[in-house]
Amino acid sequence: MGIYQIIAIHSRPWSQREIVFFGSVIMAVALLLLAAAGMRRIKKSQAVSVLAALVYIVLVFGSTVFTRGVTDRQCELTLFWSWREMLACHDRDMLQQILLNCVMLAPVGLLLPAAAGRRVRPTAALAVGVLLSGMIEVSQFVFRRGLLELDDIIHNSLGCMIGCMAANAVLHFFLQRKSQRAGAVKAAAA
């Protein structure tokens, strides 16, 4: 099953109320970020990163909770049941689902260092992933919009942490290059 098919199966169009609600939340946060950047409390790049992360999180919540049809409340609290299922049955669809769950919050992890304006510890990114994924899973259970799974929380959180580690590595590379250039300029001036 391709990504488009997964989205098409799980998502219905957003209702007018959902669009207004989430649009209002995004606009309110955007105004607060604009004000904070205007007062120089945060950098413009941080404001853009926070807003991008928020928009992405809203889209994730929309596709995983709010646009799904109502079902019976379901939960799977057995750790790594999806891996056992995938390995026992050689189930490629389950492997794809596991990988997509790992990738789902990676963009949030990628944006964390830019939003913080500095490197972020992987454990902090893991905690953000657990918090966001936990909110998604509990919302799915409460609103009867999917299966509450501990495996999903683990996969989503690992993806968030891996995304953060990748962003930290890129940030470290650019800071190192900037430092080298500044040293070269200083040496040339002396």
Around atom CZ of Arg41, are there more than 12 heavy atoms of other residues, nucleotides or ligands at under 6.0 Å?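 No, the 6.0 Å shell around CZ holds no more than 12 heavy atoms from other groups.
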Is the CZ atom of Arg73 crowded by more than 12 outside heavy atoms at less than 6.0 Å?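 More than 12 within 6.0 Å, yes.
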Distance (rounded to the nearest 0.5 Å) between [X] [atom1] and [Y] [atom2]:
{"X": "Leu54", "Y": "Ser49", "atom1": "CG", "atom2": "OG", "answer": "12.5 Å"}
{"X": "Asp72", "Y": "Arg144", "atom1": "CG", "atom2": "CZ", "answer": "7.0 Å"}
{"X": "Met104", "Y": "Gln97", "atom1": "CE", "atom2": "CD", "answer": "10.5 Å"}
{"X": "Asn101", "Y": "Leu158", "atom1": "CG", "atom2": "CG", "answer": "11.0 Å"}
{"X": "Ile153", "Y": "Leu150", "atom1": "CD1", "atom2": "CG", "answer": "5.5 Å"}

Check for me, please, whether [X] and [Y] land in the same ILVMFWY cluster - side-chain distances under 4.5 Å, paths through other members count.
{"X": "Leu171", "Y": "Ile162", "result": "no"}
{"X": "Ile57", "Y": "Phe22", "result": "yes"}
{"X": "Val55", "Y": "Val60", "result": "yes"}
{"X": "Leu147", "Y": "Met94", "result": "yes"}
{"X": "Val48", "Y": "Val58", "result": "no"}

Considering all heavy atoms of both residues, which atom of [X] and which atom of [Y] are nearest to each other, and what is their separation?
{"X": "His155", "Y": "Trp83", "result": "NE2-NE1, 2.8 Å"}
{"X": "Leu33", "Y": "Leu51", "result": "CD1-N, 3.8 Å"}
{"X": "Met165", "Y": "Pro122", "result": "CG-CG, 3.8 Å"}

N/O donor to acceptor pairs below 3.5 angstrom from side-chain atoms of residues 125-143, sequence neighbours left out:
from	atom 1	to	atom 2	distance (Å)
Ser133	OG	Asn156	OD1	2.7
Glu137	OE1	Glu149	N	2.9
Ser139	OG	Met135	O	2.7
Gln140	NE2	Thr64	O	2.7

Would you check if [X] and [Y] make a side-chain contact, meaning some heavy-atom pair closer than 4.5 Å?
{"X": "Met86", "Y": "Phe80", "result": "no"}
{"X": "Leu148", "Y": "Leu77", "result": "yes"}
{"X": "Asp91", "Y": "Leu95", "result": "no"}
{"X": "Arg17", "Y": "Val20", "result": "no"}

Is there a side-chain contact (heavy atoms from CB on, under 4.5 Å) between Gln16 and Ile19 once you walk through the steps? CA-CA 5 Å; Gln16 191 83 25; Ile19 291 169; 5.5 Å; no
Please go through Phe174's hydrophobic cluster and name the other residues, only I, L, V, M, F, W, Y counting, with side-chain heavy atoms under 4.5 Å joining them.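 Members alongside Phe174: Val170, Phe173.
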Could you tell me whether a side-chain N or O of Arg84 sits under 3.5 Å from a main-chain N or O of Leu79, the two making a donor and an acceptor?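 Yes, the answer is positive, given that a donor and an acceptor are paired below the 3.5 Å cut-off.
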Taking side chain to side chain donor-acceptor pair (under 3.5 Å) as the definition, give me every residue that meets it alongside Thr78, ordered by chain and number, with sequence neighbours left out.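 Result, side chain to side chain donor-acceptor pair (under 3.5 Å) vs Thr78: Glu76.
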With sequence neighbours excluded, what pairs up with Ser82 under the side chain to side chain donor-acceptor pair (under 3.5 Å) test?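 Listed in chain order: Asp151.
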For Leu34, side-chain contact (heavy atoms from CB on, under 4.5 Å) partners two or more places apart: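 So Leu34 forms no side-chain contact (heavy atoms from CB on, under 4.5 Å) with any residue.
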Sequence neighbours excluded and cut-off under 3.5 Å, please list the side-chain donor-acceptor pairs for residues 105-117, or say none.
none

